[in-house]
Amino acid sequence: MGGILKAPFMKELVRTCTTMFRLGWNERNGGNISIIVDEGEAAKYLDTRASLREFDLSFDAAELEGRILAVTRTGSYFRNVKVDPEYNLGLVRIGKGGKSAALLWGFAGGGGPTSELSSHLLSHITRLRQDTRHRVVTHCHATNTLAMTLVHDLDDRSFTRTLWKMMTECIIVFPEGVGVLPWMICGNDEIGRATAEKMKDYRVCVWAQHGVFAAGNSLDEALGLIEAVEKAAQVYIMVMNGTVRNVIKDGELKVLAESFAVNYRKDFLD
Ligand code: 2HA
Ligand code: ZN
């Protein structure tokens, strides 16, 4: 056994937190990440049966019973993750019946998992039902995506159409579109359930006046989704006060999606 920080998934998590901070999407203690870790992979680095302490869960995570997750700490600053990973990150195992979680490593000196744990775990449950290879949920305050929620209609179809029409990559990267939630109080089970509901149809859920959640089979995939959404939102914010002459037309989006053979939301095009 070697230190858990030598595990490739931990190295990637630390690197991703640093990248996201540098992108300006995780100011102060903004944002959080959780990754479902393969038990065999974790067991190479630590005793996965030894619990340091337990946390109660306020929602039903029974479908994740026994799963091991690497999670960012509540209140952690992404810019500090690399400096002190054992304080800012934790490895937890979901307990019997999905009512508690045991700490296997991390959250040094107290503290627990992210305040958005319900959004993370309930989204993991929803995405695993869609795709057994699903592994990652990540949340951040991507600047232009957040800005776009201040000036744009907040329904899924309208928001998706604007993103798709800004930039050719979008309908290929997120052919199912994006979900959008209205402003809600964050950090509770209600927003967790609403986010997970959106995750039935989408891998990206935008929180108005707050940020974005994305799911994927890897950190690269989840972050890549946010990168594509954020880029399109940035272009939208740049051009919205000018005379926009040339967005991608519905017919062009259709031909594009078909030529890349992606399963796009047909009802999102006119
Ligand atoms: O505190 O981003 O949504 C971290 C957050 C809450
Ligand atoms: Zn947030």
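We count ligands from 1, going down the list as the structure has it; atoms in each ligand are counted the same way. Every value quoted in this text rests on a predicted model; they were computed, and no experiment measured them.
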Worksheet item: Going by the atom numbers of ligand 1, which of them fall below 4.0 Å from some non-hydrogen atom of His139?
Response: 2 (O), 3 (O)

Item to complete: Considering the heavy atoms of Asn32, write down every atom of ligand 1 situated less than 4.0 Å from one of them.
Response: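 Checking each atom against Asn32, I get 2 (O), 4 (C), 5 (C).
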
Worksheet item: Does any non-hydrogen side-chain atom of Val178 lie less than 4.5 Å from one of Val229?
Response: yes

Worksheet item: Is any side-chain heavy atom of Cys140 less than 4.5 Å from a side-chain heavy atom of Phe213?
Response: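 Cys140 vs Phe213: side chains apart.
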
Discussion item. Tell me whether Gly187 reaches ligand 1 (any heavy atom closer than 4.0 angstrom to a ligand atom).
Written reply: no

Fill in: Metal-centred angle, NE2 of His139 through the Zn ion (ligand 2) to NE2 of His141, rounded to 10 degrees
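NE2 of His139, the Zn ion (ligand 2) and NE2 of His141 span an angle of about 110°.
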
Worksheet entry | For the Zn ion (ligand 2): the N/O/S atom of His210 at shortest distance |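 Per the distance ranking, His210 contributes NE2 as its closest N/O/S atom to the Zn ion (ligand 2).
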
Worksheet item: For atom 4 (C) of ligand 1, which protein heavy atom lies nearest, and how many Å away is it?
Response: Asn29 O, 3.1 Å

Worksheet item: What is the closest protein heavy atom to atom 6 (C) of ligand 1, and at what distance does it sit?
Response: Glu116 OE2, 3.1 Å

Worksheet item: Under 4.0 Å between a Lys/Arg side-chain N and an Asp/Glu carboxylate O for Arg265 and Asp267?
Response: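 Looking at Arg265 and Asp267, the cut-off is met.
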
Worksheet item: Between Asp131 and Arg133, is the closest basic N to carboxylate O distance under 4.0 Å?
Response: yes

Worksheet item: Can an N or O of Gly31 be found at a distance shorter than 3.5 Å from an N or O of ligand 1?
Response: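 Checking ligand 1 against Gly31, an N or O pair does fall under 3.5 Å apart.
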
Fill in: Residue from Arg157, Lys165, Lys249 passing salt bridge (Lys or Arg N to Asp or Glu O under 4.0 Å) with Asp270
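Exactly one candidate clears the test, Arg157.
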
Practice prompt. Could you grab the distance from atom CZ of Arg79 to atom OG1 of Thr18, nearest 0.5 Å is fine?
Written response: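 Those atoms lie 12.0 Å apart.
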
